[in-house]
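Scroll down for the structure; my scribbles are underneath it.
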Amino acid sequence: MAQPVNTFSTYDANGIREDLSDMIYDVSPEETPFYTMCKKTKAENTLHEWQTDALRASEDNAHIEGDDTTANARSATTRLNNRTQIFKNAVVIPDTDEGVKKAGRKKEIAYQSLKMAKEQKLDIERALFLNQAKVAGNDTTARKLAGAPTWLATNTVFESGTGADPTGDGTDTRTDDGTPVAFSQSRFDTCMQSIWENGGRPDKVFLSAFQMNKALAFDGNNNQRSTLGAKDARVVNNLRVYVTPWGNVEFVPTRENRSRDVFVMQSDMWAVGVLRGTKNKPLAKTGDSTKRQIVTELTLCCKNEKASGLIADNTTS
């Protein structure tokens, strides 16, 4: 086949308008399950404090008739604290942008501000999961909050070659073992039992996609083919709720935690103390541009670490 002589096709034409969709497609993950789970409380200082207590162990308690009463020794509460961390991002857009016609958004400053807010939430989620000790900060050093791994010291399963628990008050990090092992049902059940023995009621498990695949192989999981009808056949390979004698927990895959860590948590024993909620504020103009910043200041509160646990030093590949 051939074109007729002197056919003027689109390949010859000038001035054809571009065909650019007026949509922007972004599938970047933005879920923050741990941050979302944590109850938001009010922090009123950069040093946020709370108290824990514990009952003594049970003991024989029998007395003779008429015996004189002696007071029992009592113990004081334990006072804990964490530092607030400032999360801040900014954008500067030339004012020329106001006159430029764009695809997918009307104002670049609005689009970039929304994008920054989502990114900052991911930064917060990462910080909450980070094996990072609290930092008091000064005029040249930023304050930092202590992440979840630094609080868990009682119900932990780890490799004791070089691995070690932290103090459990956010002042130091946990020591990772140099020879991790595969995440297993046995390690998980050991952690669950320890939490139960110490009074915890865990309901959430946070773990990476790699460790989630390990959990799918747990004995008792319903990995089976279910035929629901002639036109409906599904392969079921999912672990949503794990039922144990020590409690029922929901498995939640996460992207921002360290893959070597698997957290078993009691939801109501974790909170985020908010000193300054997320605010989108304009900055002073210093030229032919518009500036905005998004700021959040908060900290992590582990109300009582004995209610949660950690399976540490898991292989990640």
Side-chain angles (χ1 to χ4, degrees), residues 29 31-38 122 125-132 147-166 168 173-198 200-224 235-267 269-270 300 302 305-317:
E31 296 87 1
T32 55
F34 184 29
Y35 181 39
T36 301
M37 178 199 78
C38 291
L122 294 174
E125 179 87 346
R126 178 180 179 275
L128 300 182
F129 274 130
L130 201 60
N131 186 27
Q132 168 184 276
T150 69
W151 296 98
L152 301 174
T154 301
N155 309 308
T156 56
V157 178
F158 62 95
E159 293 303 293
S160 57
T162 56
D165 283 327
T173 59
R174 69 171 304 102
T175 303
D176 294 330
D177 190 88
T179 310
V181 299
F183 176 49
S184 67
Q185 188 169 12
S186 174
R187 302 184 88 217
F188 181 79
D189 288 345
T190 297
C191 181
M192 285 288 294
Q193 179 180 340
S194 179
I195 296 172
W196 181 85
E197 289 173 342
N198 283 286
R201 298 184 300 276
D203 55 359
K204 287 284 194 298
V205 177
F206 294 109
L207 70 176
S208 69
F210 181 85
Q211 306 304 349
M212 186 71 215
N213 275 322
K214 296 291 184 182
L216 289 175
F218 282 5
D219 291 338
N221 189 24
N222 294 324
N223 297 326
Q224 61 204 14
V235 175
V236 179
N237 191 23
N238 184 34
L239 178 59
R240 186 65 174 174
V241 177
Y242 185 68
V243 181
T244 78
W246 325 118
N248 305 339
V249 289
E250 178 187 1
F251 277 67
V252 182
T254 57
R255 298 182 178 92
E256 296 301 328
N257 66 311
R258 302 192 310 165
S259 185
R260 67 183 294 137
D261 298 330
V262 175
F263 296 91
V264 185
M265 295 182 166
Q266 183 174 325
S267 300
M269 286 292 114
W270 295 87
L300 178 64
C302 176
E305 63 91 18
K306 291 182 179 180
S308 301
L310 173 69
I311 301 98
D313 303 327
N314 299 293
T315 52
T316 60
S317 62

- Query: How many angstroms lie between SG in Cys302 and CD in Gln266, if you round to the nearest 0.5 Å?
  - Reply: 10.5 Å

- Message: Looking at every non-hydrogen atom in both residues, tell me the closest pair between Ala148 and Phe263 and how far apart they are.
- Response: CB-CE2, 3.9 Å

- Message: Pair Phe206, Met37 - check side-chain contact (heavy atoms from CB on, under 4.5 Å), show working.
- Response: CA-CA 11 Å; Phe206 294 109; Met37 178 199 78; 3.7 Å; yes

- Heavy-atom closest pair, residues Thr315 and Pro180: CG2-O, 3.5 Å

- If you measure from CD on Glu197 to CG on Asn155, what distance do you get to the nearest 0.5 Å? 8.5 Å

- Query: So do the side chains of Gln211 and Phe251 get within less than 4.5 Å of each other, counting heavy atoms only?
  - Reply: no

- All heavy atoms of Pro166 vs all of Ala153, minimum pair found to be O-CB, 3.5 Å

- Item | Any Arg187 side-chain heavy atom under 4.5 Å of Asn314 side chain | yes

- Query: Is the side chain of Thr173 donor-acceptor paired with the backbone N or O of Gln132 at a distance under 3.5 Å, no angle test?
  - Reply: no

- Atom OG1 in Thr254, atom CZ in Phe34: separation rounded to 0.5 Å? 10.0 Å

- Task: Kindly compute the distance separating CZ (Phe218) from OG (Ser186), expressed to the nearest 0.5 Å.
- Result: 9.5 Å

- Task: State, yes or no, whether a side-chain contact exists between Trp246 and Ser194 at a heavy-atom distance under 4.5 Å.
- Result: no

- Kindly compute the distance separating CD1 (Ile195) from CE (Met269), expressed to the nearest 0.5 Å. 13.0 Å

- Query: Below 4.5 Å, heavy atoms only, C-beta onward: do Phe188 and Val249 meet side chain to side chain?
  - Reply: yes

- Message: I need the minimum non-hydrogen distance between Thr244 and Asn248, along with the two atoms involved.
- Response: N-OD1, 3.8 Å

- Item | Any donor-acceptor N/O pair, Thr32 side chain to Glu125 backbone, under 3.5 Å | no

- Message: Looking at every heavy atom in both Val264 and Met192, which two are closest together, and how far apart are they?
- Response: CG1-SD, 3.6 Å

- Query: Are side-chain heavy atoms of Val205 and Tyr242 found at a separation under 4.5 Å?
  - Reply: no

- Message: Do Ile311 and Phe183 have side chains that approach each other closer than 4.5 Å (heavy atoms only, starting at C-beta)?
- Response: yes

- Main-chain N/O of Arg255 paired with Arg126 side-chain donor or acceptor, under 3.5 Å: no

- Query: Atom NZ of Lys204 and atom CE of Met265: how far apart are they, to the nearest 0.5 Å?
  - Reply: 11.5 Å

- Qualifying residue, where the test is side-chain hydrogen bond (donor to acceptor under 3.5 Å, both in side chains) with Arg260 and the options are Asp313, Asp177, Thr316, Asn131: Asp313

- Assess the side chains of Asn198 and Thr154: does a donor N or O sit below 3.5 Å from an acceptor N or O? no

- Item | Lys/Arg-Asp/Glu bridge criterion (N-O < 4.0 Å) met for Asp176, Arg258 | yes

- Message: Between Thr179 and Glu159, do the side chains contain a donor N or O and an acceptor N or O under 3.5 Å apart?
- Response: no

- Compare every heavy atom of Asp219 with every heavy atom of Gln185, then report the nearest pair and how far apart it is. OE1-N, 2.7 Å

- Query: Sub-3.5 Å donor-acceptor pair from the side chain of Thr150 to the main-chain atoms of Gly147, do we have one?
  - Reply: yes

